[in-house]
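Report on one structure; see the data block that follows.
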Amino acid sequence: MSTTENTESRERGTAPAGERVADWADGRLGIYSLAKSNMRKIFPDHWSFMLGEVCLYSFIIIILTGVYLTLFFHPSMNEVVYHGSYVPLQGQMMSEAFNSTLHISFDVRGGLLIRQIHHWAALIFLAGMFVHMMRVFFTGAFRKPREINWLFGFLLFVLGMFTGFTGYSLPDDLLSGTGVRFTEGAILSMPIVGTYISFFLFGGQFPGHDFVARFYSIHILLLPGIMLGLVVGHLILVFYHKHTQFAGPGKSEKNVVGMPLLPVYMAKAGGFFFLVFGVIAAIAATTQINPIWAMGPYRPDQVSTGAQPDWYMGFAEGLIRYMPGWEINFWGHTLVLGVFIPLVLFGLVLSAIAVYPFIESWVTGDKSEHHILDRPRNAPTRTGFGVAWVTVYMVGLIGGGNDLIATHFHLSINDVTWFVRIFFFAGPVIAFIVTKRICLGLQRRDREKVLHGRETGIIKRLPHGEFIEVHEPLSQEQLHTLTAHHQYEPAQVGPAVDENGVERKIKGSEKLRAKLSNAYYGEDNQIPKPTVEEYKEITSGHGHH
Amino acid sequence: MKKLSARRRHPLAAVVVLLLALACTGGLYAAFAPAGKAQADETSQSLTIEEGKKLYSVGCASCHGTGGQGSSDGPSLVGVGAAAVDFQVGTGRMPAATSQGPQVVKKKNIYTQAQIDQLAAYIASLGAGPEVPTSEQYGPDGADIAKGGELFRTNCAQCHNFVGSGGALTKGKFAPSLEGVDPKHIYEAMQTGPQNMPSFPDTTLTEKNKKDIIAYLNAVNSSNTENPGGLDLGGIGPVSEGLFAWIFGLGALIAVAVWVAARTAKAKKS
């Protein structure tokens, strides 16, 4: 009976099942208008715009594999005797956390693979965020209206570092235990509050019986929860602001040239997710990471050489390794500058890159929106600052691996440390100057190309014997791309008298701003792009000069 | 005689002659070859020491002095014992004349084991010191691998890394990797403490402890090692892992991104 009814109703013109489900859902969720306005959202094509996707997908992979690991991991520091299948640890005392990680690695089906995917994905997630952040920085994509999204991204990077740290500390192996001890030392170096914070975090004296359980809550709940919220906010803002694009013909501050989200970008992004998963899974299946069985269980009386953190904490490790071991003693208190100064520097270096967008917008005084990206060469001071920052960061990484660099390149660890100490100061200065010069050189080359065309490499001899190189004029599109960028005028200190002719007090900040603005955009700090008149004068002339 | 000549065409005659010949050569070898060794045993240590002294004056005396008393170029060898000689010469570290750099490194050994034994006997005759260990002392029988691991992490890992991959010391010196090192040499190194290494005499690490440590190293850092998970990237921890993640992980993903971005949907031209 029902069959006939259905046939009848369809004949009467009822919508197909899929449409009815969609209708039902739309009536309750209002997704139609949301989808309508967003499904045709345009995204521009460029490989560097996919770095953020690498981060998003590795984050998803980390969550998925992490859930699997929680099914078997015991976040407890109760001591047990090992009786699992790894022979060289038979009969050893260890915490339940270490025991269960060994169990995951040797006795749970697929456990080691999932552990390795989780850990490799974490390293790649952080590396992806770093490169993504640098892409945004060097192209000026952090400018209005995207400053808040820049901060969201920065917070994700910092939280990712600490999520990683609390994660690799969970197995309670000798390597990570040494890292936790390192952290305890850094906390203790804080004047006055250090001891209290340390006792609060570890529930008494280090190592105590609490930190694995506490790090576990932080690692699987607190930090990933915040990060998930930030990721959602980050993506909503990307949708709201629309994506930035490089300058080019037909591209303006008011449009986005590219492909629609549906179907093109959905297909691309979906496929790219599986490619990212595939690459990470292939690495995890063939390459070992964090072999905790080789390191053994943590005991505070044991330590190994070559104890380094995962790469994203290597910069902090480096700061401590090359800082001289200074300390001040007064009234029975010790201020361990050798640890406290690196701790402060760690925060300062990270925040330097975070606040940069606000400094730049203060210097330019530019309140307008920017959706067209800068080429790094067209912002020499910014690019120089960015490269200097990366240099400080890399010097820290080299310092963090000073012992391995020494043994693998047959150098003295003392020499490596001294190199790093000098380059911590000299490196960024040299990097800034060199980068700025290169940028200005490239700007001159662009100007040359616009005015005189591309050097073809063809040499012609004129009837009177002169040799000239044939220059091919650029196409209209190329000319537009090379000259589309905006060039700022350096800010001046305002008039010395106000509108009533009364002498005005000029604030220090105003003078500083003018000085900085001149360093950014003054003469010799940017090459004026060719004007239409210059172009016309040269191209209307007869051949080349 | 006739009997013998009558059977000279016997099918087994050749076999008999061959057996006789073998017995003869074997007998002669048995008579002469062991005789040489027996002679050495009998005329005792003194000849070995004599031979050792000769080798010593050619290869070692220029730095360690003609009587092993030491000089500005090399320390005194009185009391270092046979174990130290067996380690230093057996691993090619001594003679060090051709070595350069902050510490004397392992290289090709130029002496035969017999010559090393002679040198060792000579040095041992200068003053009492640790003996060369026997294979029972460093062999794997009856060793507790897990205990060895615990001892290794407590006493050795500070310089040699968790599983003996080696590590840096000050001013270009380093603790070498223990992979592929002869168990006898590991035992002797613990016993005598060569170069920057502290010595662990039997009062510090008992004979059984040393055996356990050697068995542990054999289990975690040799061709017998059970080390699942794929390529170990040198067994030096997060630095090589981080480098790998950046170059091969992120590198591959960026290559993939470039590939995906280059293949975009084209608008239909009509």
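Quick note on labels: first sequence line is chain A, next is B, and so on, each numbered from 1. Remember, it's a predicted structure, so these values are computed and weren't measured experimentally.
Only the side chain of B:Val220 comes within less than 4.5 Å of a heavy atom in chain A; its backbone stays farther off. Interface residue A:Gln116: only side-chain heavy atoms are found under 4.5 Å from chain B. For B:Lys147, the part sitting under 4.5 Å from any heavy atom of chain A is the backbone (N, CA, C, O) and nothing else. Only the side chain of B:Leu233 comes within less than 4.5 Å of a heavy atom in chain A; its backbone stays farther off. There is no contact between A:Arg115 and chain B, counting heavy-atom distances below 4.5 Å. Contact annotation for B:Leu169: only backbone heavy atoms (N, CA, C, O) come within less than 4.5 Å of a heavy atom of chain A. Looking at A:Leu51, only its side chain comes within 4.5 Å of chain B, counting heavy atoms on both sides. At a 4.5 Å heavy-atom cutoff, the contact between A:Leu404 and chain B is made by side-chain atoms alone. For B:Pro102, no part lies near chain A; criterion is any non-hydrogen pair under 4.5 Å.
Judged purely by distance below 3.5 Å, without hydrogens or angles, the side chains of B:Gln158 and A:Thr305 never pair a donor atom with an acceptor atom.
The minimum heavy-atom distance between B:Arg153 and A:Leu89, with the atom names listed, is NH2-CD2, 3.8 Å. The two atoms that bring B:Glu241 and A:Leu123 nearest to each other are O-CD1, 3.8 Å, heavy atoms only. In plain terms, the two heavy atoms of A:Ser412 and B:Lys171 that are nearest each other are OG-CA, 3.2 Å. Scanning both residues, A:Trp311 and B:Gly242, for their nearest heavy atoms gives CB-CA, 4.0 Å. Closest non-hydrogen pair, B:Ala261 versus A:His46, comes out as CB-C, 3.9 Å. Between B:Pro238 and A:Pro309, the shortest heavy-atom contact is CB-O, 3.1 Å.
Contacts with chain A were tallied for B:Cys159, B:Gly148, B:Cys156, B:Ala215; B:Cys159 has the most, counting heavy-atom pairs under 4.5 Å. The candidate with the highest count of non-hydrogen atom pairs below 4.5 Å against chain B, out of A:Ile289, A:Val264, A:Leu112, is A:Ile289. The greatest number of non-hydrogen atom pairs below 4.5 Å with chain B, out of A:Phe106, A:Phe49, A:Tyr82, is found for A:Phe106. Chain A forms more heavy-atom pairs under 4.5 Å with one residue of B:Ala245, B:Pro228, B:Gly237 than with any other, namely B:Pro228. Counting heavy-atom pairs closer than 4.5 Å to chain B, the top-ranked of the candidates A:Ile405, A:Asp310, A:Thr417 is A:Asp310. Note on B:Gly172, B:Gly230, B:Gly234, B:Gly229: by heavy-atom pairs under 4.5 Å with chain A, the leading option is B:Gly229. Among B:Asp232, B:Leu243, B:Asn155, the residue with the largest count of heavy-atom pairs under 4.5 Å with chain A is B:Asp232. For chain A, the option among B:Asn221, B:Ile236, B:Val163, B:Asp144 with the highest count of heavy-atom pairs below 4.5 Å is B:Ile236. When each of A:Thr287, A:Ile413, A:Ile283 is checked for heavy-atom pairs under 4.5 Å with chain B, A:Thr287 comes out on top. By number of non-hydrogen pairs under 4.5 angstrom with chain B, the leading residue of A:Glu317, A:Met313, A:Met295 is A:Met295. Per-residue counts of heavy-atom pairs under 4.5 Å with chain A were compared for B:Gly167, B:Ala157, B:Ala168, B:Gly149; the largest is that of B:Ala157. Of all the listed residues (A:Asp403, A:Val303, A:Thr407), the one sharing the greatest number of non-hydrogen pairs under 4.5 Å with chain B is A:Val303.
Near-neighbour residues of residues 265-275 of chain A relative to chain B, defined by a heavy atom under 4.5 Å from a heavy atom of that chain, comprise A:Lys268, A:Phe272, A:Leu275. Chain B is approached within less than 4.5 Å, heavy atom to heavy atom, by A:Leu174, A:Leu175 from residues 173-182 of chain A, ordered by number.
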* To do: Using the side chain to side chain contact (heavy atoms under 4.5 Å, CB included) rule, take B:Trp246 and A:Phe130 through it: C-alpha gap first, then chi angles, then the decisive distance, then the call.
  => CA-CA 10 Å; B:Trp246 268 90; A:Phe130 189 91; 3.5 Å; yes
* Evaluate the side chain to side chain contact (heavy atoms under 4.5 Å, CB included) criterion for residues B:Val256 and A:Val276: first the C-alpha distance (whole Å), next the side-chain angles of each, then the deciding distance (0.1 Å), finally the verdict. => CA-CA 8 Å; B:Val256 168; A:Val276 172; over 6 Å; no
* To do: Test B:Ile254 against A:Val54 for side chain to side chain contact (heavy atoms under 4.5 Å, CB included), laying out the working first.
  => CA-CA 9 Å; B:Ile254 288 176; A:Val54 170; over 6 Å; no
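The number of heavy atoms from other shown groups lying within 6.0 Å of OH (B:Tyr111) is above 12.
Atom CZ of residue B:Phe162 and atom CD of residue A:Gln302 lie 10.0 Å apart, to the nearest 0.5 angstrom.
Contact of the A:Gln288 side chain with the B:Leu231 side chain is not registered, since no non-hydrogen atoms from C-beta on lie closer than 4.5 Å.
Between A:His410 and B:Phe174, the two ring planes are perpendicular [angle over 60°; tilted spans 30° to 60°].
In this structure, B:Glu150 contributes its side chain and A:Gln92 its backbone to no donor-acceptor pair below 3.5 Å.
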